[in-house]
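Read the structure below first, then the notes.
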2 protein chains.
Amino acid sequence: MRTADKHAKIIEAAIRVFSRQGFFHARISDIAKEAQVADGTIYLYFNNKYDILISLFEEEIGKIILEVKLLLEKEDDPRQMLRIFALHHLKMMDDRRELAEVLQMELRQSNKFMREYRNTKFVEYLDIVSGIVKQGQASGIFRATVLPGVFKRAFFGALDETSRLWVLLPDPRYTIEESAGQISDIFLSGILAPPA
Amino acid sequence: MRTADKHAKIIEAAIRVFSRQGFFHARISDIAKEAQVADGTIYLYFNNKYDILISLFEEEIGKIILEVKLLLEKEDDPRQMLRIFALHHLKMMDDRRELAEVLQMELRQSNKFMREYRNTKFVEYLDIVSGIVKQGQASGIFRATVLPGVFKRAFFGALDETSRLWVLLPDPRYTIEESAGQISDIFLSGILAPPA
DNA sequence: AAAAAATGGCTGAATACTCATTCAGTTTTC
DNA sequence: GAAAACTGAATGAGTATTCAGCCATTTTTT
């Protein structure tokens, strides 16, 4: 076996290069150099440049989904589950700055310009939030008037925009825990059923 | 007058072309054709391709800021002001789909890859929200514990992510008013001072 | 056990483009 | 008849992808 998991090596290199240069400015030769591999080798593992990006999304978001689902398994209070999701999301984006940049910068474009690609994993990630909302509504803890489909977008949007703040220019004024707490507090006040 | 405001014509054409193809896939010749102008003419009004994008951001966001500030002038209750901001934002994104797509897709990249460009107008737009929050906190209507800098990001992120939903695939299940109302409700519950 | 043959992962220079930008020339304006 | 505005073909830089061959390893032959 000559290959020391070149596939993974190339994905990791691509994360670094895309985060530095953006997808369009990244050259295949840059990724190859970063992965310590020849340009041509990349085409043994991926069909083309887009395919690297799509594989990267699916694989990395897949890992994140597994992580957060594992954390949520241990909890059954939907209020705590939302807090866990928020904190995990921000922590993860902070721990993996380079991946965070790629997701924030390139994921949006991808839906539009890679027509066939449906971002299936990303939808699955968002649906974790609407799942929590539905669970909370079923048990009467959350208001039934809140639309889970609107809530999941708003909640994710708030987290995403907040984490972009640090990724672009880390701001020591707010800690991750503080931001995650504030966002969770705001959304929880907005969704909690009024005391009977 | 041979020029029937070519500058504006080119910007408008660029909005359409960028929204269809994205900045990187858009050719100068596509924009020229759309604006019914020769390729070279574009370089009489803009320095280069990036400059079209940046001018587009500054000018269009500038118009949006004027609009929303005009609406907010008439109101002095910070609660209503937040509702107005949310509704106006979503309405505007819905009315001007093509512009919305360009802002959503390209604005993020721009910060990173046009180093010198600081997105000044965008910051000004966000600061309208933190301004409202500070005003509400000063008058005791809003909790002082909420950080305006976190709140503005979260609020804008929620609106932005929500509007992307329709821009990509219009969903007849939620109206603009309903979504704007839900988001405002959530954030207002999160920021209102508890009744004394 | 040595030599020969086959395998296939890997390489990187060459190809085959695609556009952003320029500028010499044309048309319009005053 | 200058000056200004405009045109669009030509230029040339930049790069995704290909592919003919290399070589470490494994398999077959002697």
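Here is how names work: the chains are called A, B, and so on, in the same order as the sequence lines, proteins then strands, and each is numbered from 1.
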Would you kindly give the [atom1]-to-[atom2] distance between [X] and [N], to the nearest whole Å?
| X | N | atom1 | atom2 | answer |
| --- | --- | --- | --- | --- |
| B:Lys6 | D:dA4 | NZ | P | 17 Å |
| B:Asp30 | D:dG8 | CG | P | 16 Å |
| B:Lys33 | D:dT7 | NZ | C1' | 15 Å |
| A:Ile31 | D:dA16 | CD1 | P | 8 Å |
| A:Asp5 | C:dC10 | CG | P | 10 Å |
| B:Ile10 | D:dA5 | CD1 | P | 13 Å |
| A:Ile42 | D:dT15 | CD1 | P | 15 Å |

Item checked: Steps toward salt bridge (charged side-chain N to carboxylate O under 4.0 Å, His left out) verdict (B:Asp185, A:Arg143) -> CA-CA 12 Å; B:Asp185 287 344; A:Arg143 269 181 243 166; over 6 Å; no
Note to self: Per the ring-ring contact (aromatic ring centres under 6.0 Å, His included) rule, what does the pair list look like for residues 169-193 of chain A, sequence neighbours excluded?
What the structure shows: A:Phe151-A:Phe187, A:Phe155-A:Phe187, A:Phe187-B:Phe187
Notebook entry, point to check: So, is A:Tyr45 near the phosphate of C:dC10, with a side-chain N or O under 4.0 Å from OP1 or OP2?
Noted result: yes
Checklist line | Nucleotide-resolved protein contact map, nucleotides 17-23 of chain C, B/S/- at heavy-atom distance under 4.0 Å | finding: --SSBB-
Item checked: Check: B:Tyr125 ring centroid to B:Phe85 ring centroid under 6.0 Å -> yes
Margin query: Counting only heavy atoms from other residues, nucleotides and ligands, does the tally under 6.0 Å from CD of B:Glu75 exceed 12?
Written below: yes
Checklist line | Atom CD of B:Gln36: over 12 foreign heavy atoms under 6.0 Å | finding: no
Next item on the list: Classify the ring geometry between B:Phe156 and B:Phe122 as parallel (under 30°), tilted (30 to 60°) or perpendicular (over 60°).
Entry: perpendicular
